[in-house]
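Quick note on labels: first sequence line is chain A, next is B, and so on, each numbered from 1. When reading the values below, keep in mind they use all heavy atoms of this one structure, side chains included, and skip hydrogens, waters and symmetry mates.
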2 protein chains.
Amino acid sequence: MPNNQFKRGELYSVINGMASTAVARRLQKNFRQAGLEITIEQWSVLYHLWKEDCLSQQELCNRTFRDKPSITRLIDNLEKQKLVKRTASKEDRRINLVCLTETAKGLQDLTIDLANQTMSEALIGVNKEEIETVKSVFQRVYDNLT
Amino acid sequence: MPNNQFKRGELYSVINGMASTAVARRLQKNFRQAGLEITIEQWSVLYHLWKEDCLSQQELCNRTFRDKPSITRLIDNLEKQKLVKRTASKEDRRINLVCLTETAKGLQDLTIDLANQTMSEALIGVNKEEIETVKSVFQRVYDNLT
DNA sequence: GGCATATAGTTAGTTATGCAACTAATTTCA
DNA sequence: TGAAATTAGTTGCATAACTAACTATATGCC
C-alpha cells in the first residue's frame, strides 16, 4: 500500500476529530444565539425535508446516514416541537411519511443562512480546489466502506 | 467571499456527515470482530496515553478535543474496565494523572493495527497529496473556529 | 389460501456529548 | 495575610448514537 503510509491512528483523528467537532459546535452556538431551539441533528433532518418534503423515515435514514432508531427519536423530538408531522402512507401502512409544518417551513431561510455563514467562518483561507478535494476524498471514503 | 460559494448546507454535510460516520462505524466493527470490548471514543483516549502516559484529564481534553465532562465519564468507564487508573498529582492535588494499566499497554499494538487497517480500507484510491490537503484544510478549519 | 421471509418502524439498554452549576485546590495581588 | 479570581475535576439534565430484540404490515411462493 504505497499511498497509505501514515502515522498510527493519526488519520483517524483527522477525519473524525477536531474539525467536524469544531464546526458542529460553532453551528450549534450560532443557532442558539439566533434564538433557535433546534439541535444540529434536528436541523440536518429538516434540511433534507426542505429539499424534498414528506419522506419516509427509512429514506431519511439513507439521506442522513443514520440508523432507524436514531431517526425514530429525532422525529419524536421534532414532532414534540411541532416542526414535523408523521402521516401513515395510504399505499403502504408500514410507512410513516414525515412532513414539515408551516413553522418548520418558516425556519428554512434563517437556518440555511446561519449554516452558510458558519461554513464561511470555518473556511477562511481555504480555496475552492481544496474544498473540492475534501469533498471528493470523503465521497471515495464513504464508497470504500459501504 | 469569492472562495466560499457553495450550495446551502451542503458543505456542512460533507464535513460532519457520511465519511466520518462510516469510518467510525467500520473501526468499531473491526474492534468488535477482534473481540475487543472498547469503544472508539475510549480507544481515542488510550491512543493519546500510549503516546504519552499519565496525562491530566485537562490535557486529555485538549488532545482529544473533548470537554471536561466527556473526559470525566470516559475515564470512569475506562477505569471500570481496568484499563486506566487515576492518581492524584503530588504537586497539585486538583490534578488527576490518568495512567495506563498493564492490560491497556497490551492492547496497543493490536488496536493500532486495526486502526491502520481500517484507514487503509477507507483510503483505497486516495493519494498522499489528497490526504495532505484534507489534513491541512481541517487544521485551518479548526484554527478558524477556536 | 397460508406460511416463510422481508421491510418499516419502535422500544430498551449502554455509551457519549454539550451545557450549566457545582466543589475543591491553587494562584494573584492589594 | 486573606479575599477574589482561576483552574481541575464532578454531577445533573437533555439529546443523540449503536445494538439487539421486538411489532406490524407487505410480499413471495408453494
* Taking the six-membered ring for Trp, are B:F65 and B:F138 ring centroids under 6.0 Å apart? ->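 Between B:F65 and B:F138, the centre distance exceeds or equals 6.0 Å.
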
Write down the distance between [atom1] ([X]) and [atom2] ([N]), rounded to a whole number of angstrom.
X	N	atom1	atom2	value
B:K29	D:dT19	NZ	P	10 Å
A:Q58	D:dT25	CD	P	18 Å
A:D92	D:dT27	CG	P	6 Å
B:K68	D:dG12	NZ	P	17 Å
A:E37	C:dC19	CD	P	14 Å
A:D76	C:dA12	CG	P	12 Å
A:N77	D:dA16	CG	P	5 Å
A:R26	C:dC19	CZ	C1'	17 Å

Heavy atoms only, 4.0 Å cut-off, all strands: where does [X] land among base, sugar-phosphate and nothing?
X	value
B:I71	nothing
A:D67	base
B:Q42	sugar-phosphate

* To do: Map B:Q28 and B:E59 onto DNA chain D by nearest heavy atom, then report which one ends up closer to the 5' terminus.
  =>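 Result: B:E59.
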
* Counting only distance, no hydrogens or angles, is the base of C:dT7 paired donor-acceptor with the side chain of A:R94 under 3.5 Å? ->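 Flag set: donor-acceptor pair detected.
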
* Do the side chain of A:R73 and the base of C:dA12 come within less than 3.5 angstrom through a donor-acceptor pair of N or O atoms? ->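 For A:R73, whose side chain was compared with the base of C:dA12, there is a donor-acceptor pair (under 3.5 Å).
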
Short side-chain N/O contact from [X] to OP1 or OP2 of [N], under 4.0 Å:
X	N	result
B:R32	D:dA20	no
A:R25	C:dG18	yes
B:T72	D:dT10	yes
A:Q57	C:dT7	no
B:R93	C:dA24	no
B:T39	C:dA16	yes

* Show the numbers, then the answer: is there a salt bridge (charged side-chain N to carboxylate O under 4.0 Å, His left out) between B:R86 and B:D76? => CA-CA 9 Å; B:R86 284 179 171 97; B:D76 286 347; 3.0 Å; yes

* Count the heavy atoms belonging to other residues, nucleotides or ligands that lie under 6.0 Å from CD of A:Q33, then report whether that count exceeds 12. =>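 Enclosed.
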
* Asked: If only atom types and distance count, is the side chain of B:S120 paired as donor or acceptor with the main-chain N or O of B:N116 below 3.5 Å?
  ->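 Flag set: sc B:S120 to bb B:N116 pair under 3.5 Å.
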
* Please determine, for the side chain of B:L74, which listed nucleotide (D:dA20, C:dA16, C:dG9) has the closest atom? =>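 My answer, after comparing the listed nucleotides, is C:dA16.
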
* Asked: Choosing from C:dT10, C:dG18, D:dA17, which nucleotide comes nearest the side chain of B:S70?
  ->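 So the nucleotide nearest the side chain must be C:dG18.
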
* Asked: Can B:K128 and B:E132 be counted as an ion pair, charged N to O under 4.0 angstrom?
  ->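 No salt bridge links B:K128 with B:E132.
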
* Asked: Just checking, any donor-acceptor pair under 3.5 angstrom between side chains of A:D67 and A:S70?
  ->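 Indeed, the side chains of A:D67 and A:S70 share at least one donor-acceptor pair under 3.5 Å.
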
